[in-house]
Amino acid sequence: MSKTNLSVSPDVRSPKPGQVIVLGVISTSNGIQLAKHLSDSRSLEGLDLKALGATSKAEQLVRVPGINGSVFALLGVGSDELDEDNLRELGGVVGRSLRGFSEIVLDLPTDDDRDAVALVEGALLGLYEYRSVFTKALPRLDVVESIISLSPHPVEPELLERSRVLAEAVTRVRDLVNTPPNLLFPASFAEVAKSQAKSAGISVTVLTEKELEAQGFGGIQAVGQGSSRPPRLVKVEYSPKRATKHLALVGKGITFDTGGISLKPAASMVGMKYDMTGAATVFQAISAIAALKLPVKVTSFLCLAENMPSGTAIRPNDVITTHNGKTVEVLNTDAEGRLVLADGLSAASELEPDLIIDVATLTGAARVALGDRYSALMGTADAVSAVEAAAFDSGELVWHMPLPSELRARLDSDVADIANAKIGSTAGGMLLAGVFLKEFVGRAGHDAKPQAWAHLDIAGTANNESSAYGFTPKGATGVMLRTLVTVAEELAR
Ligand code: BES
Ligand code: MN
Ligand code: ZN
């Protein structure tokens, strides 16, 4: 993928075999016609676009012969008012549909440099395919040698490089998340982090189960104790000299969530390999931030465990002690994400960073409340605004949800500081999880400067169960990665 050459050019390419030129189709009062474009489309003149099957409906794409062995792809663009986000999604359709060509030329209307880059970024994101464990060798996406956006607006090379770094990071998230859970477990995930870090300008420290125990990471330890494949906490640091701000990222990394002794029913268990998406996202985000050499310090915590039922697993009513010393009564072993995050958030809080963001496939309730395209966002006011702005800028969808303080009483335990679930009630399940996490943000006795914190529940958005759309494939989406990097860019300003 890194081989794919990206460019924005006002020059019309000379048509050749292996090249596809994408033209937009819009609808006007005189029926459908081609959107404004730069390349020579004289060979299409007089053709009845409608008869060819072209429509202006977004995502519709038909191929017609071009000149000298090239191909025209006529892409419905929905409307003639296209913003950056529309163009990124349309680029995605192109990447998904035309990955067999060696050169993709996007000849769609752009208003500025960001529009031109969004097309290329979307195309790169759309090229993604997870093919690792099929026995049949399939054509790799590397066949696309270059992606060119035809636009009169000149683009700084850094902007294109940024898109490449982001798309590569999203690709790595998707690959990690799509990996079957027999092939990815806490220790192997930590190894992936270590080996990727070598070339990335970040440092990786791995705490093994013994170190977790010795250092009081009782949440991660407890969730992992039922599995033959022990838990890990991976701390990743990027510390450039010019940094003035510090961002801490915490990711839920359950490599498989059976529910533990509070076992999930068979149908709800399928898909629980996605439960490590938060950890994959915060790892690839810090890698991308380092690759872009942003002048901001970042520390990521990957809270890795496999939640299994066994003779050594935690039981309902067990009480554990988390890293900040608070005790938790485990009433439901399937509410394990908040237990590992309790440790991760406590460890992040000790560093007193300017901002903490955690990312987690935390609750089925998030999917019930917001569906599968909006990620839920909770937290302190400033942190929420920062993430909201970055998400808007990235074209990612988030929705601000409350953390009602009156819910805290539902987590009162008879024997410990807090319980991890309210048995027999599903009311506000996503909010209740957020209220639980809040207990582990900040340091006791450091109330003078409250810790800025945002929580992203991506249980609905991490995995696209329906078919592909825009630049989003079926399966792992890589959602929120671009938002996190954008937050870091804003902090670096
Ligand atoms: N990993 C799940 C949440 C999840 C559900 C993610 C569906 C993606 C799709 C989480 O660990 C979980 O099991 N949460 C429970 C919490 C409950 C026991 C309080 C849930 O949502 O049912
Ligand atoms: Mn669970
Ligand atoms: Zn889980």
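Just so you know, ligand 1 is whichever comes first in the structure, and atom 1 is the first atom listed for that ligand. All of these numbers come straight from a predicted model, not from anything done at the bench.
- If you check which protein heavy atom lies closest to atom 14 (N) of ligand 1, you get L362 O, 3.5 Å.
- In this structure, K422 falls outside the shell of residues with a heavy atom less than 4.0 angstrom from ligand 1.
- Side-chain atoms of E489 and L294, non-hydrogen and from C-beta on, do get closer than 4.5 Å to each other.
- Here the shortest heavy-atom pairing between V282 and S300 reads O-OG, 3.1 Å.
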Item to check | CA sep, side-chain torsions, deciding dist, call: I357, V250, side-chain contact (heavy atoms from CB on, under 4.5 Å) | outcome: CA-CA 6 Å; I357 305 176; V250 181; over 6 Å; no

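- For E306 (side chain) and P186 (main-chain N/O), no donor-acceptor pair under 3.5 Å exists by modelled atom type.
- Residue, atom and distance of the protein heavy atom nearest to atom 21 (O) of ligand 1 are G364 N, 2.8 Å.
- In E336, the N, O or S atom that comes nearest to the Mn ion (ligand 2) is OE1.
- Each of the atoms 11 (O) of ligand 1 lies under 4.0 Å from some heavy atom of E336.
- No side-chain donor-acceptor contact under 3.5 Å links S425 to the backbone of K422.
- A cation-pi arrangement is present between R373 and Y469, with the terminal nitrogen or guanidinium carbon under 6.0 Å from the aromatic centre and inside a 45° cone about the axis.
- The minimum distance between the Mn ion (ligand 2) and any N, O or S atom of D257 involves atom OD2.
- For the pair N332 and ligand 1, the shortest N or O to N or O distance does not fall below 3.5 Å.
- I254 lies apart from the Zn ion (ligand 3) in this respect, since none of its N, O or S atoms is found at a distance under 2.8 Å.
- W453 and H455 have parallel rings, their planes meeting at less than 30° on a 0 to 90° scale where 60° marks the start of perpendicular.
- The protein reaches atom 11 (O) of ligand 1 closely, with a heavy atom under 4.0 angstrom from it.
- Taking backbone and side-chain atoms together, D275 has no N/O/S atom less than 2.8 Å away from the Mn ion (ligand 2).
- The backbone N or O of N332 lies less than 3.5 Å from a partner atom in the side chain of N420, making a donor-acceptor pair.
- Defined by atom type and a distance below 3.5 Å, a donor-acceptor pair is missing between the side-chain atoms of T277 and T361.
- When non-hydrogen atoms are compared, ligand 1 lies under 4.0 Å from neither the backbone nor the side chain of N307.
- If you look at D275 and ask which of its N, O or S atoms sits nearest the Zn ion (ligand 3), the answer is OD2.
- E336 contributes OE2 and K252 contributes NZ; the angle these two atoms make at the Zn ion (ligand 3) is 90°, rounded to 10°.
- Interface of A459 with ligand 1, defined as ligand atoms under 4.0 Å from a residue heavy atom, comprises 6 (C), 8 (C).
- Nearest protein heavy-atom contact of atom 9 (C) of ligand 1 is M272 CE, 3.6 Å.
- Regarding atom 2 (C) of ligand 1, its nearest protein heavy-atom neighbour is D257 OD2, 3.6 Å.
- Nearest non-hydrogen protein atom to atom 15 (C) of ligand 1 is D334 O, 4.0 Å.
- Considering backbone and side-chain N/O of T363, none are found under 3.5 Å from N/O of ligand 1.
- Taking the six-membered ring for Trp and thresholds of 30 and 60 degrees, F217 and H323 have nearly parallel ring planes, at less than 30 degrees apart.
- S188 places a side-chain N or O within 3.5 Å of a backbone atom of F185 that can act as its donor or acceptor partner.
- Contacts of M276 with ligand 1, taken as heavy-atom pairs under 4.0 Å, are absent altogether.
- Taking CG from L125 and OG1 from T477, the interatomic distance works out to 11.0 Å, rounded to the nearest 0.5 Å.
- Residues L481 and A285 come closest through the heavy atom pair CD1-N, 3.6 Å.
- The Zn ion (ligand 3) has D257 among its coordinating residues (N/O/S atom, backbone or side chain, under 2.8 Å).
- Per-residue contacts place R338 under 4.0 angstrom from the following atoms of ligand 1 (heavy atoms of the residue considered): 16 (C), 19 (C).
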